[in-house]
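Since the model is a prediction, treat every value here as computed from it, not as a measurement.
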Amino acid sequence: MSTLAAQLDQLRGDVPATRHNARTIAALTANPGCARRALLDAAAVDKTVIAQSLGFPPQFGQSQFAITRGNAFEAMVKANGCAELLALLRDTLGLTIPEVAYHDLNSVGENTGNAVRYQRTRQLLKSAIAASDGTLFDHPMLRLDIAGATAYLEPDVVAVQVDGQFHVVEVKAFPVIDGQADPAQVAAAARQSAVYVIALRELMVEIGESPEIVSHNAILVCAKDFSNRPTAELVDLRKQLAVVSRQLTRLTAIPDLLAELPPEATFAPGENLEKTIAAIPARYAPECMSSCELAFACRDEARTCGSVDALGRGVCDVVGGIDNIHTVLGLADGTLEPGPEHVDITAMLRTAHRLRWEIAG
């Protein structure tokens with residue numbers, strides 16, 4: 001075990017590790033400056049348990065009904081060696097696909113270990129490239145470096161080789177009604193698919209192949225209209241790939257974060273948990289409320305210390321360089337005098353303050 005992995009295991013204590021998925025990585029890259037989330041995710045900590053222990057349980061998440069429906073829809077699409085999916089690829093998307101091989105990678109024999117499944121995925125992908133045949137991979141095991149730590153990804157998708165390129169297939173149960181789907185759900189699916197494409201491209205580089213052999217087009221499979229029948233569309237991921245790749249490279253290195261923690265630091269519930277969390281810098285923004293389990297705890301912390309972050313990134317951009325709400329208010333009402341670097345911002349704040357009082361009467 002590497003030194004970094006051992007440090008993260010020790011930090012987690014006897015709490016079982018959670019596993020990354022594309023949803024958590026997509027959410028992580030939405031706030032790359034947050035050291036707290038980066039370290040918690042690298043340590044594979046269940047952030048819901050942490051939030052509950054701190055007294056701020058999260059108030060969002062998928063309903064059990066949605067999860068059950070999604071699993072049933074995916075099982076139907078993949079039944080009989082993905083026969084339904086193949087029909088969609090041929091008929092709906094007009095792809096020329098010959099008879100294909102189907103590989104179930106949920107386990108290797110009876111071994112469900114991440115490392116074993118990853119090696120088997122590598123082996124089968126390399127064989128498929130050499131044979132140049134159409135191949136479906138059910139639950140391939142991928143991995144991705146997240147801020148200096150390796151995260152294994154088990155897509156709820158299949159990767160299919162079509163005309164010499166591999167395509168990520170994302171199966172979602174939300175409906176496409178009259179050719180239109182909820183833009184927010186499509187965007188979330190696209191971000192998750194981009195994470196899979198990046199991980200699959202890294203695997204290709206490892207086996208000596210060009211990353212471009214993985215297409216930037218994902219295949220999104222959804223429910224058609226109000227039925228449980230599937231439909232498929234190609235989704236161009238070039239924008240999402242650029243954003244996710246850029247933000248992954250900006251994540252703070254995990255070893256540097258570990259070096260800042262006190263010796264008694266632990267993520268296990270107990271008296272040292274709150275102290276450990278407080279020692280890790282957070283970058284709270286209102287947008288965190290819809291994507292991070294610790295958002296309520298971080299919001300309370302930001303409000304308590306008077307952080308401008310609690311007002312949103314738009315306000316932070318306007319008052320750039322000032323990180324305390326009390327300083328902003330003091331400059332606005334004239335009780336504080338600005339330094340040379342804040343003269344322009346202060347003039348704007350005082351104008352806004354004056355207009356506010358004039359409007360209030």
- Does E264 CD have over 12 foreign heavy atoms under 6.0 Å away? yes

- Item | Under 3.5 Å donor-acceptor, R201 side chain and V214 backbone | yes

- If you measure from OH on Y118 to CG on L203, what distance do you get to the nearest 0.5 Å? 4.0 Å

- Query: With distance as the sole test, does T276 use its side chain to make a donor-acceptor pair with the main-chain N or O of T266 at under 3.5 Å?
  - Reply: yes

- Tell me, do L85 and V171 make a side-chain contact under 4.5 Å, heavy atoms counted? no

- Tell me, with the steps shown, if I129 and I207 meet side chain to side chain contact (heavy atoms under 4.5 Å, CB included). CA-CA 11 Å; I129 294 169; I207 63 176; 4.1 Å; yes

- Side-chain contact test, heavy atoms from C-beta onward, threshold under 4.5 Å: evaluate it for Q165 versus N217 and give yes or no. no

- Message: Hydrophobic cluster membership, with links at side-chain heavy-atom distances under 4.5 Å among I/L/V/M/F/W/Y: are V176 and F73 in one?
- Response: no

- Message: Any salt bridge linking D300 with R303? Criterion: basic side-chain nitrogen under 4.0 Å from a carboxylate oxygen.
- Response: no

- Item | K172 and Q192 side chains, donor-acceptor separation under 3.5 Å | yes

- Message: Tell me the closest heavy-atom pair linking L241 and A194, and the distance in Å.
- Response: CD2-O, 3.5 Å

- Shortest non-hydrogen separation from A232 to I219 and the atoms involved: CB-CG2, 4.3 Å

- Please report the closest heavy-atom contact between A22 and L153, naming both atoms and the distance. N-CD2, 4.3 Å

- Dump the intermediate steps for side chain to side chain contact (heavy atoms under 4.5 Å, CB included) on H139 and K78, then the final yes or no. CA-CA 11 Å; H139 285 269; K78 294 183 179 181; 3.4 Å; yes

- Item | Any F174 side-chain heavy atom under 4.5 Å of V186 side chain | yes

- Message: Between S245 and A242 (side chain of the first, backbone of the second, donor and acceptor by atom type, cut-off under 3.5 Å), is there such a pair?
- Response: no

- Message: Any carboxylate oxygen within less than 4.0 angstrom of a Lys/Arg side-chain nitrogen, looking at R36 and E301?
- Response: yes

- Query: Any chain of hydrophobic side-chain contacts (each under 4.5 Å) joining V169 to M76?
  - Reply: yes

- Query: Any chance CG of D91 has more than 12 other-residue heavy atoms, nucleotides or ligands included, within less than 6.0 Å?
  - Reply: yes

- Item | Charged N-O contact under 4.0 Å between R229 and E84 | yes

- Query: Taking a hydrophobic cluster as the set of Ile, Leu, Val, Met, Phe, Trp and Tyr residues connected by side-chain heavy atoms closer than 4.5 Å, whether directly or through intermediates, do L237 and V243 fall within one such cluster?
  - Reply: no

- Same cluster or not: are L125 and V108 linked, directly or through other Ile, Leu, Val, Met, Phe, Trp or Tyr residues, by side-chain heavy atoms under 4.5 angstrom apart? no

- Query: Do L39 and I254 touch side chain to side chain, with heavy atoms closer than 4.5 Å?
  - Reply: yes

- Task: Identify the two heavy atoms, one from C34 and one from A282, that lie closest to each other, and give their separation to 0.1 Å.
- Result: SG-CA, 4.0 Å

- Query: Quick check: does any side chain N or O of R12 sit under 3.5 Å from a backbone N or O of A268, one acting as donor and the other as acceptor?
  - Reply: no

- Query: Within the distance-only criterion (no hydrogens, no angle test), does the side chain of T150 pair as donor or acceptor with the backbone N or O of D145 below 3.5 angstrom?
  - Reply: no

- Message: Between H167 (side chain only) and A159 (backbone N and O only), is there a donor and an acceptor less than 3.5 Å apart?
- Response: no

- Message: Would the distance check show the side chain of D225 and the main-chain N or O of D178 forming a donor-acceptor pair, the cut-off being under 3.5 Å?
- Response: yes

- Do L144 and V116 sit in the same hydrophobic cluster, where Ile, Leu, Val, Met, Phe, Trp and Tyr count as joined when their side-chain heavy atoms come under 4.5 Å apart? no

- Task: Kindly check if the number of other-residue, nucleotide or ligand heavy atoms within 6.0 Å of CD (Q119) is above 12?
- Result: yes

- Assess whether side chain to side chain contact (heavy atoms under 4.5 Å, CB included) is satisfied between C292 and R37, documenting all intermediate values. CA-CA 8 Å; C292 183; R37 172 148 194 169; 3.3 Å; yes

- Quick one: OG1 on T304 to CZ on R299, what's the gap to the nearest 0.5 Å? 11.0 Å

- Message: Under a 4.0 Å threshold between the charged nitrogen and the carboxylate oxygen, would R143 count as salt-bridged to E206?
- Response: yes

- Query: Parallel under 30°, tilted from 30 to 60°, perpendicular over 60°: which one fits the rings of H103 and F137?
  - Reply: parallel

- What distance do L234 atom CG and H216 atom NE2 have between them, rounded to the nearest 0.5 Å? 9.0 Å

- Message: Give me the atom names and distance for the closest heavy-atom approach of G81 to L86.
- Response: O-CD1, 4.4 Å

- Message: Once rounded to the nearest 0.5 Å, what's the spacing between atom CD1 of I177 and atom OG1 of T231?
- Response: 12.5 Å

- S215 and F166: side chain to side chain contact (heavy atoms under 4.5 Å, CB included), yes or no, with the steps? CA-CA 6 Å; S215 175; F166 288 88; over 6 Å; no

- With distance as the sole test, does T18 use its side chain to make a donor-acceptor pair with the main-chain N or O of A44 at under 3.5 Å? yes

- Item | Gap between atom OG of S193 and atom CD1 of I198 - 0.5 Å precision | 11.0 Å

- Message: Within the structure provided, determine whether V195 and R23 are in side-chain contact (heavy-atom separation under 4.5 Å).
- Response: no

- Just wondering, do E170 and V221 contact through their side chains at under 4.5 Å, heavy atoms? no

- Item | Positive for side chain to side chain contact (heavy atoms under 4.5 Å, CB included) with F267, one of V49, L40, D46, V15 | L40

- Item | Taking every non-hydrogen atom, the tightest pair across S107 and T112 | CB-CG2, 3.7 Å

- Item | Distance in Å, F56 CZ paired with C298 SG, rounded so as to fall on 0.5 Å steps | 10.0 Å

- Message: Does any part of the side chain of L261, heavy atoms only, come nearer than 4.5 Å to the side chain of L258, both counted from C-beta?
- Response: yes

- Item | Side chain to side chain, I50 and V45, heavy atoms closer than 4.5 Å | yes

- Flag the pair E154 and R117 as a salt bridge only when some basic side-chain nitrogen lies within less than 4.0 angstrom of an acidic carboxylate oxygen. yes

